[in-house]
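One structure below.
Residue numbering restarts at 1 for every chain, and letters A, B, ... go by the order of the sequence lines.
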There are 2 protein chains.
Amino acid sequence: MAISEREHGRFSYEGLDRVIHEKARLSVLTSLVAHPKGLAFPDLKRLCNLTDGNLSRHLAVLQEADLVSLEKGQSQNRPQTVCRLTTAGRGRFLDYLAVLEQVVRDTAKAAERAPDFSTKTA
Amino acid sequence: MAISEREHGRFSYEGLDRVIHEKARLSVLTSLVAHPKGLAFPDLKRLCNLTDGNLSRHLAVLQEADLVSLEKGQSQNRPQTVCRLTTAGRGRFLDYLAVLEQVVRDTAKAAERAPDFSTKTA
DNA sequence: CGCGATACTTTGCATCGCAAAGCGCGCGGC
DNA sequence: GCCGCGCGCTTTGCGATGCAAAGTATCGCG
């Protein structure tokens, strides 16, 4: 079966932004989209099951990319960094999500055509 | 808003297998699930928009992880590597996909609660 | 023959994820 | 009142990895 010219890049999923498409950062962004009021560093750490260092690094990357904003303040005389999705970040994340949905759809379509390919291997 | 103990790891998505969760390999696996009869190296290369070296490396990784099988043969006096999903590979990919769906659902739920958070910021 | 094209593989580099160690600063014990 | 523990976060170091450019091998064609 030859691949038609039309199919060129059919499954390349260019929209999968490297900054977003990363387990830890995907976790962070999903957490944030679910908590529009923002989340404190320790909460984020727990929700995403990340170590301090890890979360710190990923937040820096996300901030650099202007996907999140970090508000460093004080709460009960302790430092407290509150993290929020930026408007642009929300937009880009939703775009990314749309591509993910496409992946899911592409697979679902195929899985449906061959629900148990081990028994009727082409 | 404090995060309850229950929410611990709520968004950690442990099921996002590092081997699968990678733009290029995700492309390859999706292509393969859509073509259960297997795909030749050049076809895969076109579908995923990958360079030779890139595809070669990723296929090696996928084979190492026993997600795909590589059948190196000859066709018209030219080497031809045909690539197929293994049964285990298909299973693990579908598991991965289930987690992706969860991500999409989590986000959709949140986006629905605040369709345009830029206008009514918290 | 030799030149180009096809089908890969290997090498090299620059990036990046991750964990361990480090830093600053309140607070409680003594 | 200083001392050390703990919390909140940052920096450092390293091993792994994605990616592209270069390399190898074989075939077809003039």
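Phosphate contact (OP1/OP2 of dG17(C), side-chain N/O of N54(A), threshold under 4.0 Å): absent. Using a 4.0 Å cut-off, some side-chain N or O of T81(A) falls inside it from OP1 or OP2 of dC9(D).
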Go through it in stages, so that I can follow the logic: the residues are V28(B) and L50(B), the test is side-chain contact (heavy atoms from CB on, under 4.5 Å), and I'd like the CA-CA distance, side-chain angles, deciding distance and then a yes or no. CA-CA 10 Å; V28(B) 170; L50(B) 290 170; 4.2 Å; yes
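Within the 3.5 Å criterion, the main-chain N or O of L39(A) finds no donor-acceptor partner in the side chain of R84(A). The main-chain N or O of D52(A) is never found under 3.5 Å from a side-chain atom of S56(A) such that the two would form a donor-acceptor pair. The backbone N or O of F41(A) lies less than 3.5 Å from no partner atom in the side chain of T81(A), so there is not a single donor-acceptor pair.
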Could you go through nucleotides 22-29 of chain C and list every protein N or O atom that sits under 3.5 Å from one of its N or O atoms, giving the distance for each pair?
none

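Near-neighbour residues of DNA chain D inside residues 16-31 of chain B, defined by a heavy atom below 4.0 Å, number-ordered: E22(B), R25(B). In the region residues 56-65 of chain A, proximity to DNA chain C at under 4.0 angstrom, judged on heavy atoms, holds for R57(A), H58(A).
Mapping V82(A) and L50(B) onto DNA chain D by nearest heavy atom places V82(A) closer to the 5' end of the strand.
Across the protein-nucleic acid pair, F41(B) atom CZ and dA7(C) atom C1' stand 7 Å apart, rounded to whole Å. One interatomic measurement links the two molecules: CD of E14(B) to P of dC18(C), which rounds to 11 Å at whole-angstrom precision. Atom-to-atom, CG of L55(A) to C1' of dG8(D) comes out at 11 Å; the value is rounded to the nearest Å.
Residues C83(B) and S69(B) form no side-chain contact, since every pair of their non-hydrogen atoms from C-beta on lies 4.5 Å or further apart. Contact annotation: the side chain of L44(A) approaches that of S31(A) to within less than 4.5 Å [non-hydrogen atoms, C-beta and beyond].
Remark: E64(A) engages no residue in a salt bridge (Lys or Arg N to Asp or Glu O under 4.0 Å) (not counting sequence neighbours). Checked against side-chain hydrogen bond (donor to acceptor under 3.5 Å, both in side chains), D106(B) has the following partners two or more places apart in sequence or in another chain: R10(B), Y13(B), Q102(B). Residues passing the side-chain hydrogen bond (donor to acceptor under 3.5 Å, both in side chains) test with R57(A): none are found, sequence neighbours excluded.
A side chain to side chain contact (heavy atoms under 4.5 Å, CB included) with R25(A) is found for one member of I20(A), L67(A), V61(A) and no other, namely V61(A).
Counting any heavy atom pair closer than 4.0 Å across all strands shown, K45(B) reaches no nucleic acid atom.
F11(A) and H35(B) have perpendicular rings, their planes meeting at more than 60° on a 0 to 90° scale where under 30° would count as parallel.
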